[in-house]
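This report refers to the structure that appears directly beneath it.
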Amino acid sequence: MSELTEKKEKKEKIPRQPMPEQEPKVRAKNFMEVPLGYTPEMAVKEAKRCLQCKKPSCVEGCPVNVDIPGFIRHIKEGDFTRAIRNLWSKNSLPAVCGRVCPQEIQCEGVCILGKKDDPVAIGNLERFAADWERAHGTGALPPKADPTGKKVAVVGSGPSGLTVAGDLIVKGHDVTILEAFHKPGGVLVYGIPEFRLPKEIVAQEIHFLERLGVQVECNAVVGRTVTLDELFEQGYNAVYIGVGAGLPRFLNIPGENLVGILSANEYLTRANLMKAYLFPEVDTPIPRGKNVIVLGGGNVAMDSARTALRLGADSVRIVYRRSKTELPARAAEVHHAEEEGIEFFFLTNPVRYLGNDKGRLTGMECLKMELGEPDASGRRRPVPIEGSEFNLECDLVVVAVGSGANPLLTSSTPEMNLNKWGYIVTDPETGKTTKKGVWAGGDIVTGAATVILAMGAGRKAADSIHKYLTWGW
Amino acid sequence: MFQIVKREEMSGGTVILNEIEAPLIARKAKPGQFVILKANETGERIPLTMAETDPEKGTITVIYMVVGKSTALFKTLQVGDGYQDVIGPLGKPTHLEKVGTVVCVGGGTGIAVLHPITRGLKEAGNRIITIIGARSKDLLILEERMRAVSDELHPCTDDGSYGHHGFVTDVLKKILDTQKVDQVVAIGPVPMMKFVSKITKEYQVPTIVSLNPIMVDGTGMCGGCRVSIGGKNKFACVDGPEFDGHLVDYDELMLRLAAYCEEEKRCYEDYCRMEESLS
Ligand code: FES
């Protein structure tokens, strides 16, 4: 390439490469992934947009500090293998993170290009590198340190547990993951729907860890099948707890036990883990509502609503008590939901459920709200408008208003301190709990958060566990 | 895989006993706790309270009635076959203590669940009066085993083909009328538990029942198993499965148990048709 054309190419402004997606009308009727992924050409073109900053703020914006300019440079050069190797050195689940991370508030949110133009599509590129490796890679494993003879138990196989397992196995420790469900993956498997994160990808990420030597034991409910203390008796030197939040919240309003009201946890677990959308090909049923209402405004609410649509609902409505600007879900997910035809009722608060004599749900009474003074969270508090009651007809309600701390494990371990909401107290720098040899991270420490934050917590804990196994508590 | 080491058919093949190899669970399980079983890759997770555990042998025993697609599938499993997944022990164990005279009331396959609890109560030093019931003589299970752990045993059948002609509640009433009873444990179909609780409430005798709502995870994570206890929501899988019988909203429980009636019927019929065409 002559100097002249190179200069010209630098000047030519490449727009952010859009991600090809399934058409909204088509995808609203299937469970296949919505974004289709970049072709190599698109990826290289997008990679060229990166300014290769000397002091990249994107890396700071990433909870696990992926060397973003580095892996993007490899993509630009067409060396996809090196790109994925670079990613793996910081992030053991790039195919997952490329899909479900909220890049817009992390790496992409601070990308310099974003000041005047669209930021580099870092998430899309990460996903591309991981997908390319799955399709074309050699499957070569990263190098592993010599065996240390130390045993680590990882409780829970969600994003933080998988990160800890991946980090510690390459450092030479003997790692066993204990999962309560019959399949590993945690929220990646039971929570996030197929159309957002194909289960095949999660299975491959876990298989990768198994090839590295991680043992996965399913059907192991720590706190019931085995206690933390018994794990130490069995010879484990350290335990990491990454069990997730795992306690569904309900609204505690009249009629909540009518048939047709499910927590998002139950609804999504039936759909995703049990694959109930294939019923009767599989044996687990799922209620197929005609008129579905989802309560809540987070990603879980969007996932539930879009699942209901794919299960054949005539109408799906999201009822949220604040306004659109306060929606905690990712903008991209809200956009996807809107495109697919999901209706939003903002500033609406359910007051009671209505049912028939068979105990089945027939509707919901709601109140209109208006925004008042800011509350503790800094968001304007919604206050009810008197006399604004109205009814919404529905035969299925999915309650996606957040979750609390599941006490199953923590209540059987009194020496581990909990905060007043039941979450495990840890040292924020190391993830150490108040019980010797036990670390914790992810939603059971922070309350419901994101996949990548859980992974970040896992990374810190893994470093600390490694230090402990090498030097002591 | 969790292998079946012993299998028995009872009540003319409508009730099946499976002894299953599950050493980790057998080591920990206590009377009153349950397991979740899943037969194969596409199977449903089905909660069943354990009827027996043998920590030495490393086995657990479940006894279930064939009522739908999933239990029909379980029935096809023979000795040497196995369940893909068995999870447990789940739920809180029964509180076994000496209270004096305890009446244990069992109906249908509930008798299987009642057996280890009755034995535990007996071992704790209680005087045990047991009432077991079924529709007819051939459907009555575990009579001899129950007799072995009871001071008195009263079998009943709805059709009068054996023992007392009538419901377990008739016998219970008679007992409550004639002697001092300190506690009642009732395990069986929801209507049975409902009526037992109604009677014992009149007599003000503390009553424990074991509930079996629809479950998914069994660890308190989905809330599908929620039941109203004294007007409060409880998760049967972690707060139960045993509750104060006087506080349970049985009508709600029955409606919730019927949540997937239509789906299950369709699924079961499909399955039966498939079985037929294969044989
Ligand atoms: S079965 Fe899911 S919470 Fe009890």
Side-chain angles (χ1 to χ4, degrees), chain A residues 179-183 190 217-227 230 243-250 252 256-270 273-276 278-288 355 357-360 399 403-404 406-409 411, chain B residues 2 22 24-25 27-29 33 35-36 38-46 68-70 73 84-91 214 216-228 233 235 237-238 249 251-264 266-271:
Chain A
E179 166 58 44
F181 268 128
H182 56 270
K183 227 184 231 150
Y190 74 73
E217 271 179 39
C218 290
N219 302 325
V221 185
V222 177
R224 291 271 199 238
T225 317
V226 63
T227 62
E230 285 168 328
V243 292
L247 185 75
R249 260 202 209 119
F250 288 93
N252 296 318
E256 206 150 34
N257 288 357
L258 289 164
V259 171
I261 302 166
L262 280 75
S263 72
N265 272 1
E266 179 178 3
Y267 188 64
L268 292 174
T269 301
R270 284 180 181 273
L273 176 74
M274 305 311 293
K275 301 227 177 296
L278 298 173
F279 182 91
E281 266 167 64
V282 302
D283 300 341
T284 305
I286 188 162
R288 290 180 183 246
D357 57 348
K358 296 213 175 62
R360 292 189 177 247
V399 186
S403 49
N406 187 314
L408 190 68
L409 185 155
S411 64
Chain B
F2 297 78
L24 294 181
I25 301 173
R27 202 177 38 131
K28 285 243 120 162
Q33 289 189 298
V35 287
I36 285 182
K38 185 168 167 288
N40 57 24
E41 190 56 35
T42 54
E44 193 181 0
R45 291 167 66 99
I46 300 287
K69 157 97 196 265
S70 291
L73 179 65
Q84 184 168 306
D85 301 287
V86 181
I87 303 109
L90 300 169
I214 294 174
V216 181
D217 56 297
T219 59
M221 173 271 207
C222 78
C225 64
R226 60 196 191 276
V227 285
S228 297
N233 253 346
F235 291 178
C237 69
V238 285
D249 184 338
D251 296 337
E252 180 191 282
L253 173 62
M254 258 186 284
L255 293 169
R256 288 186 64 78
L257 277 167
Y260 295 101
C261 237
E262 271 166 45
E263 286 91 343
E264 256 150 34
R266 207 174 82 213
C267 189
Y268 188 37
E269 280 165 3
D270 281 359
Y271 179 79

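In what follows, every chain begins at residue 1, and chains take the letters A, B, ... in the order their sequences are listed.
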### Task
Could you tell me which of B:G218, B:A29, B:G91, B:G88 has the largest number of non-hydrogen atom pairs under 4.5 Å with chain A?
B:G91
### Task
State, with a plain yes or no, whether a side-chain heavy atom of A:N219 is found less than 4.5 Å away from one of B:V86.
no
### Query
Which is it for A:T269 and B:D217 under the side-chain contact (heavy atoms from CB on, under 4.5 Å) test, yes or no, and what are the steps along the way?
CA-CA 9 Å; A:T269 301; B:D217 56 297; 5.9 Å; no
### Heavy-atom side-chain contact between A:V226 and B:L24 under 4.5 Å
no
## Note on the structure
Correct closest heavy-atom pair for A:V259 and B:A259 would be CG1-CB, 3.6 Å
### Query
Do A:R224 and B:V238 come within less than 4.5 Å of each other through their side chains, counting heavy atoms only?
yes
#### Entry: Distance in Å, B:M221 CE paired with A:S263 OG, rounded so as to fall on 0.5 Å steps
8.0 Å
### Task
Just do the side-chain contact (heavy atoms from CB on, under 4.5 Å) check on B:R45 and A:T284 with the steps written out, would you?
CA-CA 8 Å; B:R45 291 167 66 99; A:T284 305; over 6 Å; no
### Side chain / backbone / both / neither for B:I214 at chain A, heavy atoms under 4.5 Å
side chain
#### Entry: Residues in salt bridge (Lys or Arg N to Asp or Glu O under 4.0 Å) contact with A:E281, at least two apart in sequence or another chain
none
## Note on the structure
If one checks every heavy atom of A:L278 against chain B at 4.5 Å, the contacting part turns out to be neither
### Query
Looking at B:S70 and A:D283, what are the two nearest heavy atoms and their distance?
OG-CB, 4.1 Å
#### Entry: Which of A:R360, A:K275, A:R288 touches chain B most, by non-hydrogen pairs under 4.5 Å
A:R360
### Message
Given heavy-atom pairs under 4.5 angstrom as the criterion, report whether the side chain, backbone, both or neither of A:S411 touches chain B.
### Response
neither
#### Entry: Pick from A:N265, A:N252, A:L262 with the largest number of heavy-atom pairs that fall under 4.5 Å of chain B
A:N265
### Query
Out of B:V227, B:I36, B:D85, which one racks up the most heavy-atom pairs below 4.5 Å with chain A?
B:D85
### Query
Who wins among A:P285, A:G260, A:S403, A:G359 for the most heavy-atom pairs under 4.5 Å with chain B?
A:P285
### Summary
When rounded to the nearest 0.5 Å, the distance separating NZ of A:K358 from SG of B:C261 is 11.0 Å
### Task
Taking only Lys NZ, Arg NE, NH1 and NH2, and the carboxylate oxygens of Asp or Glu, determine whether B:E41 and A:K183 approach each other closer than 4.0 Å.
yes
### Query
Between B:K28 and A:E230, is the closest basic N to carboxylate O distance under 4.0 Å?
yes
### Query
Would a 4.5 Å heavy-atom cut-off, applied to side chains only, mark B:C222 and A:Y190 as touching?
no
### Query
Which one, A:L273, A:I261, A:L268, leads in non-hydrogen pairs under 4.5 Å with chain B?
A:I261
### Message
I'd like to verify something: which residue of B:I87, B:D251, B:I25, B:I46 has the highest number of heavy-atom pairs under 4.5 Å with chain A?
### Response
B:I87
## Note on the structure
Of all heavy-atom pairs linking B:F235 and A:L247, the shortest is CE1-CD1, 4.2 Å
#### Entry: Per-residue contact mode, A:P287 against chain B (heavy atom under 4.5 angstrom)
both
### Task
Check whether any side-chain heavy atom of A:F181 sits under 4.5 Å from a side-chain heavy atom of B:T219, and report yes or no.
no
### Message
At a 4.5 Å cut-off on heavy atoms, which part of B:C237 comes close to chain A: side chain, backbone, both, or neither?
### Response
backbone
### Query
Which answer fits B:N233, side chain, backbone, both or neither, if we ask what part of it has an atom under 4.5 Å from a heavy atom of chain A?
side chain
#### Entry: Verdict with reasoning, B:S228 to A:N257, per side-chain hydrogen bond (donor to acceptor under 3.5 Å, both in side chains)
CA-CA 8 Å; B:S228 297; A:N257 288 357; 3.2 Å; yes
